[in-house]
Structures are given as structure tokens and as C-alpha cells.
Q: 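This is the structure, below, for whatever I ask next.
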Amino acid sequence: MTNTLPPPPSADWCLFLDIDGTLIELTDTPAGTHAGDGLKELLNAVCGRLEGAVALVSGRSIDFMDALLAPARLPAAGLHGLERRQASGAMQSAAIEDSRLDPVRAPLRDLVRAHPGALLEDKGRTIAVHWRLVPQFEAALRDSVTAIAAAMGARYQTQGGSMMLEIKPRGFDKGAAVQAFLDEPPFAGRTPVYVGDDLTDLDGFRAVEARGGMSIAVGDRIRGEYRLEDPAAVRRWLNGLV
């Protein structure tokens, strides 16, 4: 694991930022995530300095990100790239029928009830099971969610994360979302930099590295070209731009 600190942020970069565990400290429950006014002001200032070339790239929905960071509405990719809002405000969304997850909702609810302390996060087009509060159930929950997803056929897959496993449509990831942004203004022509902390961010790392950019890992769960210790360090690093 590299401990190399990233260079100071530059005004000719474009930034792709994960949220949970990157900009904001991880919480025990998905609903516990909160963004203070200081973070909102910081993101607004960074966006201004980079002429709007900042995008949030998250497993959360865009609606969740908007509510979290209101009144700001940044370019964003949500649900691991299933939905994307361009800098222009135009929305793009994958043609996936949410109803395909209906048959697994009841089994997943039963699974969580059978493991008190586990949590079900239903995002509509993806579903995640969290065991942060009950790590002793990890093996059982991971095996069960994997089996439930496998029964759905080839169109769906599991996506690992921090103390969770998510069922999502196959063929969508954060890297593809980053590549789409990089072909559009104001991101095109800038040096791309991705900051993330989890397995879901590795596709984003590969996307920016392939375009001559930089990957910055937060914490020690994944490896990037550079590393920042925690979300507080990320916020201090971003402050260097403004």
C-alpha cells in the first residue's frame, strides 16, 4: 500500500469524488450520513476554482446526493453509473426495469430479519445488505446474498463494498461513468483525478489512469497511485485548491 501523498490540487484538473468514506466519514447506518455546511461550502469553492469540472461518483442515488448537499447540484453519477447528470443538467438513465428486483426483495428482507442488526438498503434499482453493526454475520450474509443474486441470472451481479454486498445490474460501473464525463465539457481536456476509498472505486481509478490522470485512495481498503489517510485529510487537501 502506497503512502505517497498526492500533489497539491491544480486548477487544470477535473475531479471525480466518491462520497461515503471519501468526503464524509463512514457511519454505522446508510441513513446516518450527514454533510455539514463546511463541506458544502468547500465543494462549491472547488467547483468554482475548476470551472465546474467536479463530479460526484457514488453508489448512492443522485436524489440522495442532491438532498445531502442541498442546495448544490453537482454533475453526478449515481447507483454505480446507472444514472448520470451532466454538467449541463441533462439526465441520463439506464433502461433497466426496476421490477426485475421484485422477486428478491422478500428473500432479502427475510435474510436481514434472520440476522438482527443487519440492514437492507433498497435503492430502487439496486439493493444492498449491510453488516457493519454485526460483523459476525458477514460470512453467512455474503453467501446468502451471492446465492440470491446468482438465481437472478446473468443480467445481475453482486458488488462488494465496505461491510456490505450489493445486487446491481451487470455492465454498469463508476469507470464507465467517468469515461463519459471525460468526453464532455467542462471535463474534456483536463487532467482527471479520482478520489475514492472502496472496491467500487477501482473502476474509476482505472478510467482516469488510462486517460493520463491520477488515482487517490482514501484509507487502506484499496490501492491507488497516491493515498490520503481519511475523509478529513481529503477535505484538507481540497482546501489547498481554494
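Reckoned from all heavy atoms, side chains included, excluding hydrogens, waters and symmetry mates. Residue numbers start at 1 and run along the sequence shown.
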Q: In sequence, state the C-alpha distance, the side-chain angles, and the governing distance for S10 and V193, and then conclude on side chain to side chain contact (heavy atoms under 4.5 Å, CB included).
A: CA-CA 10 Å; S10 171; V193 178; over 6 Å; no

Q: Between R132 and S162, is any side-chain donor less than 3.5 angstrom from a side-chain acceptor?
A: yes

Q: If we count only N and O atoms by modelled type, under 3.5 Å, do the side chains of D198 and T200 hold a donor and an acceptor together?
A: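 Judged by distance alone, the side chains do not pair up.
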
Q: Could you check whether any side-chain heavy atom of V218 comes within less than 4.5 Å of a side-chain heavy atom of P231, counting everything from C-beta outward?
A: yes

Q: For the residue pair F187 and G52, what are the closest heavy atoms and their distance?
A: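 Scanning both residues completely, I find the closest heavy atoms to be CZ-O, 4.1 Å.
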
Q: Are the side chains of L108 and D122 in touch, meaning some heavy atoms are under 4.5 Å apart?
A: no

Q: Hey, is the main chain of G78 close enough, under 3.5 Å, to the side chain of R60 for a donor-acceptor pair?
A: no

Q: Considering only NZ, NE, NH1 and NH2 on the basic side and carboxylate oxygens on the acidic side, decide whether D66 and R73 come within less than 4.0 Å.
A: yes

Q: Quick check: do R109 and I127 have side-chain heavy atoms less than 4.5 Å from each other?
A: no

Q: Are the side chain of Q86 and the backbone N or O of E184 linked by a donor-acceptor pair below 3.5 Å?
A: no

Q: Donor-acceptor check, side chain of R84 to backbone of A177, threshold 3.5 angstrom: yes or no?
A: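 Pair absent, no side-chain N/O of R84 close to backbone of A177.
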
Q: Output yes when a side-chain donor or acceptor of E225 lies under 3.5 Å from a complementary backbone atom of S215, and no otherwise.
A: yes

Q: Taking all non-hydrogen atoms of both residues, which atom of G81 and which atom of F172 are closest, and how far apart?
A: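 Result for this residue pair: O-CD2, 4.1 Å.
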
Q: Sorted by first residue and then second, give each side-chain hydrogen bond (donor to acceptor under 3.5 Å, both in side chains) pair with at least one member in residues 35-57; sequence neighbours left out.
A: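 Residue pairs passing side-chain hydrogen bond (donor to acceptor under 3.5 Å, both in side chains), neighbours aside: E51-R190.
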
Q: Got a donor-acceptor contact below 3.5 angstrom from the R170 side chain to the Y156 backbone?
A: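 Answer holds: yes.
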
Q: What side-chain hydrogen bond (donor to acceptor under 3.5 Å, both in side chains) pairs are there with at least one residue in residues 228-240, not counting sequence neighbours?
A: E25-R235

Q: Answer yes or no: is there a donor N or O on one side and an acceptor on the other, between the side chain of R227 and the main chain of G219, under 3.5 Å?
A: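 Answer holds: yes.
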
Q: Is it true that a side-chain atom of T191 and a backbone atom of G213 form a donor plus acceptor pair closer than 3.5 Å?
A: no

Q: Should the pair F181 and F16 be assigned to parallel (<30°), tilted (30 to 60°) or perpendicular (>60°) ring geometry?
A: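 It falls in the tilted class, 30° to 60°.
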
Q: Per the salt bridge (Lys or Arg N to Asp or Glu O under 4.0 Å) rule, what does the pair list look like for residues 159-169, sequence neighbours excluded?
A: K123-E166

Q: Taking the side chain as C-beta and beyond, is there a heavy-atom pair between R125 and P169 under 4.5 Å?
A: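 No - every pair of side-chain heavy atoms lies 4.5 Å or more apart.
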
Q: Does the side chain of L238 come within less than 4.5 Å of V195's, by heavy atoms?
A: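 A side-chain contact under 4.5 Å is absent here.
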
Q: Which value, rounded to the nearest 0.5 Å, describes the distance between T22 atom OG1 and L56 atom CG?
A: 10.5 Å

Q: Could you check if a side-chain atom of L50 sits within less than 4.5 angstrom of a side-chain atom of L241, using non-hydrogen atoms only?
A: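 Touching, per the 4.5 Å side-chain cut-off.
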
Q: Scan for ring pair (Phe, Tyr, Trp, His ring centres under 6.0 Å) pairs involving residues 38-70, sequence neighbours excluded, and state none if there are none.
A: none

Q: Suppose the criterion is salt bridge (Lys or Arg N to Asp or Glu O under 4.0 Å): which pairs have a residue in residues 139-162, not counting sequence neighbours?
A: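 Sorted result for residues 139-162: E138-R142.
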
Q: Are L119 and V129 packed together at the side-chain level, in the sense that at least one heavy-atom pair is separated by less than 4.5 angstrom?
A: no

Q: Let me see the working for D197 and V234 under side chain to side chain contact (heavy atoms under 4.5 Å, CB included), right down to the final yes or no.
A: CA-CA 11 Å; D197 75 305; V234 174; over 6 Å; no

Q: Sort and list the pairs that fulfil ring pair (Phe, Tyr, Trp, His ring centres under 6.0 Å) and have at least one residue in residues 108-132, not counting sequence neighbours.
A: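 Qualifying pairs: H115-F137.
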
